[in-house]
Amino acid sequence: MEWLITCQKVQAFSALSGDDNALHHDATFAQQLGFEQPIAHGMLLMALAEGAWQQRYEVYPTTMRCQFVYPVPIPSVITVRLTKKEIHAYNAEQLVLHVVFEEE
């Protein structure tokens, strides 16, 4: 499975969440903070992870433990490996997100 992290997807998430932090849309601001370009919201990645898990297993998790390992630049193609218990998400073979799910 792949997730396409695009400017449009990040803008839509910003509008929906109310999180309009310049780190997610302003290249100059992102560079001032040490990033090469704007990065995706961590909560966007969590939402994608939970949605993928729910669609695959048709249950809702009671607990999600997330580890944001590396920032995701915009745009990116994220490769996702999904099991019943966890998700590993990679950007060019680099782990960017690890989520562990628990259900009742």
Side-chain angles (χ1 to χ4, degrees):
M1 166 188 314
E2 289 185 343
W3 298 335
L4 301 177
I5 307 301
T6 64
C7 291
Q8 295 82 5
K9 190 173 283 186
V10 170
Q11 289 171 350
F13 186 82
S14 289
L16 179 65
S17 68
D19 181 351
D20 61 355
N21 187 321
L23 176 60
H24 305 301
H25 60 81
D26 184 320
T28 302
F29 184 78
Q31 289 168 359
Q32 289 172 349
L33 295 178
F35 299 96
E36 291 182 21
Q37 60 202 74
I39 61 171
H41 301 78
M43 297 309 290
L44 170 59
L45 300 174
M46 283 182 61
L48 291 169
E50 183 177 3
W53 195 79
Q54 287 178 17
Q55 287 177 3
R56 172 77 56 89
Y57 298 108
E58 298 181 347
V59 293
Y60 294 100
T62 56
T63 304
M64 290 175 60
R65 290 188 314 246
C66 299
Q67 179 183 17
F68 300 100
V69 180
Y70 194 78
V72 175
I74 306 163
S76 287
V77 176
I78 305 300
T79 303
V80 180
R81 297 186 185 129
L82 173 65
T83 69
K84 181 72 173 178
K85 294 291 181 188
E86 60 190 347
I87 284 181
H88 292 92
Y90 299 86
N91 185 15
E93 300 302 318
Q94 181 171 30
L95 182 66
V96 294
L97 175 69
H98 177 224
V99 182
V100 177
F101 296 99
E102 295 177 15
E103 59 179 298
E104 288 185 21

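Only this structure's heavy atoms are used, side chains among them; waters, hydrogens and symmetry mates stay out. Here, residue 1 is the first one in the sequence, and each next residue gets the next number.
- The two atoms that bring Met1 and Ala52 nearest to each other are SD-CB, 3.7 Å, heavy atoms only.
- Judged by distance alone, the side chain of Thr6 and the main-chain N or O of Pro75 form no donor-acceptor pair under 3.5 Å.
- Heavy-atom minimum distance, Gln31 versus Glu36: NE2-O, 3.2 Å.
- Inspection of the His98 and Glu86 side chains reveals an N or O donor paired with an N or O acceptor under 3.5 Å.
- Counting only distance, with no hydrogens or angles, the side chain of Trp53 and the backbone of Lys84 share a donor-acceptor pair below 3.5 Å.
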Leu45/Ile5 under side-chain contact (heavy atoms from CB on, under 4.5 Å): CA gap, chis, key distance, verdict
CA-CA 9 Å; Leu45 300 174; Ile5 307 301; 4.0 Å; yes
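- Distance OH/Tyr57 to OG1/Thr83: 5.5 Å, rounded to 0.5 Å.
- Contact detail for Asn91 and Pro73: the closest heavy-atom pair is ND2-CD, 3.5 Å.
- Closest non-hydrogen pair, Val59 versus Glu103, comes out as CG2-OE1, 3.7 Å.
- With respect to Gln54, the side chain to side chain donor-acceptor pair (under 3.5 Å) criterion is satisfied by exactly one of Glu50, Arg56, Glu58: Glu50.
- A distance-only check finds no donor-acceptor pair linking the side chain of His25 to the backbone of Gln11 [under 3.5 Å].
- With values rounded to the nearest 0.5 angstrom, Asp20 atom CG is found 11.5 Å from Asp26 atom CG.
- For Tyr70, the OH atom counts as loosely surrounded, since its 6.0 Å shell holds 12 or fewer non-hydrogen atoms of other residues, nucleotides or ligands.
- Under the 4.5 Å side-chain heavy-atom criterion for ILVMFWY residues, a single connected hydrophobic cluster contains both Val80 and Val10.
- Side-chain contact between Gln67 and Leu97: absent, with no pair of heavy atoms (C-beta onward) separated by less than 4.5 Å.
- Remark: Met43 CE is loosely packed, at most 12 non-hydrogen atoms of other residues, nucleotides or ligands lying under 6.0 Å away.
- For Ser76 (side chain) and Ile78 (main-chain N/O), no donor-acceptor pair under 3.5 Å exists by modelled atom type.
- A salt bridge links Glu102 to Arg65: at least one charged side-chain nitrogen sits closer than 4.0 Å to a carboxylate oxygen.
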Step by step, would you call Asp19 with Ser14 a side-chain contact (heavy atoms from CB on, under 4.5 Å)?
CA-CA 5 Å; Asp19 181 351; Ser14 289; 5.5 Å; no
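- The nearest pair of heavy atoms linking Arg81 to Tyr90 is NH1-CE1, 3.1 Å.
- Of the inter-residue distances, the one linking Thr79 atom OG1 with Trp3 atom CH2 reads 10.5 Å to the nearest 0.5 angstrom.
- Atom CZ of Phe68 is surrounded by more than 12 heavy atoms from other residues, nucleotides or ligands within 6.0 Å.
- Of the options Leu23, Val96, Ile39, a side chain to side chain contact (heavy atoms under 4.5 Å, CB included) to Pro71 is made by Ile39 and by none of the others.
- Of the inter-residue distances, the one linking Met64 atom CE with Ile87 atom CD1 reads 7.0 Å to the nearest 0.5 angstrom.
- Considering all non-hydrogen atoms of both residues, Ala49 and Val99 come closest at CB-CG2, 4.1 Å.
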